[in-house]
Colleague: 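Encoded as structure tokens, here's the structure I'll be asking about.
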Amino acid sequence: MTIAGSDSGGGAGIQADLKTFQELGVFGTSVITALTAQNTLGVEGIFPTTPDFVKQQIEVVFQDLAVKAVKTGMLFSPTIIETVSDTLKEKDVQLVVDPVMIAKGGANLLQSEAVDALKSQLLPLATVLTPNIPEAEVITGMSIHSVNEIEKAAEKILSLGVESVVMKGGHLSGKEAIDHVYFKDGSYFAIQSNRVNTTQTHGTGCTFSAAITAFLGQGKTLKEAIIEAKKFIQLAIEHPLNIGHGHGPTNHFAYNQMKKSFEVVVHES
Ligand SMILES: Nc1ncnc2c1ncn2[C@@H]1O[C@H](COP(=O)(O)OP(=O)(O)OP(=O)(O)O)[C@@H](O)[C@H]1O
Ligand SMILES: Cc1ncc(CO)c(N)n1
């Protein structure tokens with residue numbers, strides 16, 4: 001299940017999630033928190049649904065279908081976060097929280113007053129949180145420029161009650177795009193891939209977290225799911241579709257076409 005916003009341009013949000021689920025052979029269900037009028041150039045409008053209607057969508061799906069894993073993306077408001085948290089608290093599922101805050105074009109996909117609810121209500125339910133660096137900065141109140149600071153921020157995030165955190169390195173510079181993964185039990189690994197010099201990165205975070213969710217739903221361990229999701233997003237970024245006039249979407253087909261001949265580098269410690 002994905003609980004997220006709709007992207008009319010098809011590259012991020014609910015649409016990216018369902019495409020990823022489909023490519024990975026899992027049946028996707030969707031709970032829409034907000035509609036966005038959006039294309040690769042930016043977000044032009046946001047029309048949120050009501051918290052009650054978000055709850056109704058979740059409950060109706062759970063009453064009928066055996067949901068194995070859930071991801072959250074754009075949640076928009078404190079009341080939607082409270083409702084999603086209260087509803088999911090009762091469910092026995094693995095939960096991937098992508099703390100979506102700001103779209104590539106700068107639009108606010110999470111109201112600033114919603115950060116407290118995210119931290120206090122949703123994060124304690126999360127199997128894994130997948131912040132990019134600016135999102136990790138907002139959640140922790142720290143500025144993050146080095147691996148040392150990434151580790152300190154991860155510790156702060158783990159203390160909020162999440163079981164694990166993937167600190168995504170897409171927003172840092174360097175020849176490699178490295179994601180650092182920390183677990184509550186103190187274990188750690190990092191996944192490294194070549195940084196692609198591209199503007200075709202609309203929906204990378206949504207696609208990555210949707211792939212983790214799909215692999216968890218199929219019964220992979222969290223570590224396997226994160227590593228395989230990194231392959232999915234790397235291939236999706238490396239082989240862009242080149243559509244749209246702004247930040248184009250990633251290529252959800254690439255993983256199935258090329259996964260056999262591709263590995264990412266994993267560092268353990
Ligand atoms: N230029 C790049 N080359 C290779 N990998 C990248 C690149 N940019 C991001 N990634 C990878 O893509 C995944 C998503 O990370 P990113 O930091 O882009 O998420 P995000 O900012 O949350 O995305 P979104 O714009 O959807 O919110 C991570 O695994 C990251 O390492
Ligand atoms: C609906 C939606 N969710 C997430 C993002 C972040 O990529 C976006 N641009 N739009």
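Note that the structure is predicted; figures quoted are calculated from it, not measured. Whatever order the structure lists them in is the order used to number ligands and atoms, beginning at 1.
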Colleague: I want to know if ligand 1 touches G205 in the polar sense, i.e. an N/O pair below 3.5 angstrom.
Modeller: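 Yes; at least one N/O pair falls below 3.5 Å.
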Colleague: Which heavy atom of I46 sits nearest a heavy atom of V43, and at what distance?
Modeller: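 Heavy-atom minimum between the residues: CG1-CG1, 3.9 Å.
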Colleague: With the threshold set at under 4.0 angstrom, would you say A12 reaches ligand 1 through any of its heavy atoms?
Modeller: no
Colleague: Which ligand 1 atoms are under 4.0 Å away from a heavy-atom of G203?
Modeller: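 Once the distances to G203 are compared, the set is 26 (O).
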Colleague: So does E228 pair up with K231, basic N to acidic O under 4.0 Å?
Modeller: yes
Colleague: Could you list which atoms of ligand 1 come closer than 4.0 Å to a heavy atom of C206?
Modeller: 26 (O)
Colleague: Using a strict 4.0 Å cut-off to heavy atoms of A177, name the atoms of ligand 1 that fall inside it.
Modeller: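 This gives 4 (C), 5 (N), 6 (C), 31 (O) as the contact atoms.
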Colleague: Under 4.0 Å from a heavy atom of R195: give me the atoms of ligand 1 that qualify, with their elements.
Modeller: 1 (N), 3 (N), 4 (C)
Colleague: Does only the side chain of H202 get under 4.0 Å from ligand 1, or the backbone, or both, or neither? Count heavy atoms.
Modeller: neither
Colleague: Going by atom types only, do H245 and N39 share a side-chain donor-acceptor pair under 3.5 Å?
Modeller: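 On atom types as modelled, these side chains do not qualify, holding no pair under 3.5 Å.
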Colleague: How long is the gap from CE on M74 to CG on L35, to the nearest 0.5 Å?
Modeller: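 Here the interatomic distance stands at 9.0 Å.
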Colleague: Using a 4.0 Å cut-off on heavy atoms, what residues surround ligand 2? Order them by chain and number.
Modeller: G5, S6, A12, G13, Q38, M74, V100, A103, L109, H202, C206
Colleague: Any N/O of S193 closer than 3.5 Å to an N/O of ligand 1?
Modeller: no
Colleague: If the threshold is 4.0 Å, N to carboxylate O, is there a salt bridge linking D92 and K68?
Modeller: no
Colleague: Measuring from atom 16 (P) of ligand 1, which candidate in T204, T201, L109 has the nearest non-hydrogen atom?
Modeller: T204
Colleague: State whether E59 and K55 are salt-bridged, where the test is any N-O pair (Lys NZ or Arg NE/NH1/NH2 against Asp/Glu carboxylate O) under 4.0 Å.
Modeller: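 Yes, charged N to carboxylate O under 4.0 Å.
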Colleague: Looking only at atom types and distance, does a side-chain atom of Q15 sit under 3.5 Å from a main-chain N or O of D7, one as donor and one as acceptor?
Modeller: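 Checked: pair present.
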Colleague: May I ask you to list the atoms of ligand 1 that are less than 4.0 angstrom from any heavy atom of Q234?
Modeller: 4 (C), 5 (N)
Colleague: Tell me yes or no: between the side chains of T50 and D52, is some donor less than 3.5 Å from an acceptor?
Modeller: no
Colleague: Could you check whether K89 pairs with D86 (Lys NZ or Arg NE/NH1/NH2 to Asp/Glu carboxylate O, under 4.0 Å)?
Modeller: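 So K89 pairs with D86 through a salt bridge.
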Colleague: Give the atoms of ligand 1, by number and element, whose distance to some non-hydrogen atom of K230 is under 4.0 Å.
Modeller: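 So the atoms of ligand 1 that pass are 29 (O), 30 (C), 31 (O).
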Colleague: Any idea which protein heavy atom is nearest atom 9 (C) of ligand 1, and the distance to it?
Modeller: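 For atom 9 (C) of ligand 1, the nearest protein heavy atom comes out as G170 CA, 3.6 Å.
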Colleague: When you compare the side chain of T79 with that of P51, does any pair of heavy atoms fall below 4.5 Å?
Modeller: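 With C-beta onward as the side chain, the pair touches.
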Colleague: Mind checking whether H180 and Y188 have parallel, tilted or perpendicular rings, split at 30° and 60°?
Modeller: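 Ring orientation of H180 relative to Y188: parallel.
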Colleague: Measure N194 to ligand 1 on non-hydrogen atoms and call it side chain, backbone, both or neither using the 4.0 Å cut-off.
Modeller: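 Near ligand 1, N194 shows its backbone, while the atoms from C-beta on stay back.
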Colleague: Mark yes or no for whether D17, through its side chain, and T207, through its backbone, hold a donor-acceptor pair below 3.5 Å.
Modeller: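 Side chain of D17 to backbone of T207: no pair is present.
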Colleague: Under 4.0 Å, heavy-atom basis, I'd like to know which part of I237 is in contact with ligand 1: side chain, backbone, both or neither.
Modeller: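 Side chain only; the backbone of I237 stays clear of ligand 1.
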Colleague: Distance to 0.1 Å, residue and atom name: give those for the protein heavy atom nearest to atom 25 (O) of ligand 1.
Modeller: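 Protein heavy atom at minimum distance: K104 NZ, 2.5 Å.
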Colleague: Taking atom CD as the centre, does Q22 end up with more than 12 heavy-atom neighbours from other residues, nucleotides or ligands that are less than 6.0 angstrom away?
Modeller: no
Colleague: With atoms numbered from 1 as shown, which atoms in ligand 1 lie under 4.0 angstrom from a non-hydrogen atom of V196?
Modeller: 1 (N), 2 (C), 3 (N), 4 (C)
Colleague: Is it the case that over 12 heavy atoms from other parts of the model lie below 6.0 angstrom from the CZ atom of F262?
Modeller: yes
Colleague: Which one holds for D179 and ligand 1: side chain close, backbone close, both close, or neither close, with close meaning a heavy atom under 4.0 Å?
Modeller: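 Looking at D179 and ligand 1, just side chain atoms fall under 4.0 Å.
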Colleague: Going by heavy-atom distance to atom 20 (P) of ligand 1, choose the closest among N132, T199, I102.
Modeller: N132
Colleague: Taking distance alone, with N or O pairs closer than 3.5 Å, would you say K168 contacts ligand 1?
Modeller: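 Looking only at distances, the answer is yes, because the N/O contact criterion of under 3.5 Å is met.
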Colleague: Side-chain contact test, heavy atoms from C-beta onward, threshold under 4.5 Å: evaluate it for Q200 versus I237 and give yes or no.
Modeller: no
Colleague: Ion pair present between K223 and E268, side-chain N to carboxylate O less than 4.0 angstrom?
Modeller: yes
Colleague: For ligand 1, is I233 a contact, meaning one of its heavy atoms is under 4.0 Å away?
Modeller: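 Flag set, I233 near ligand 1.
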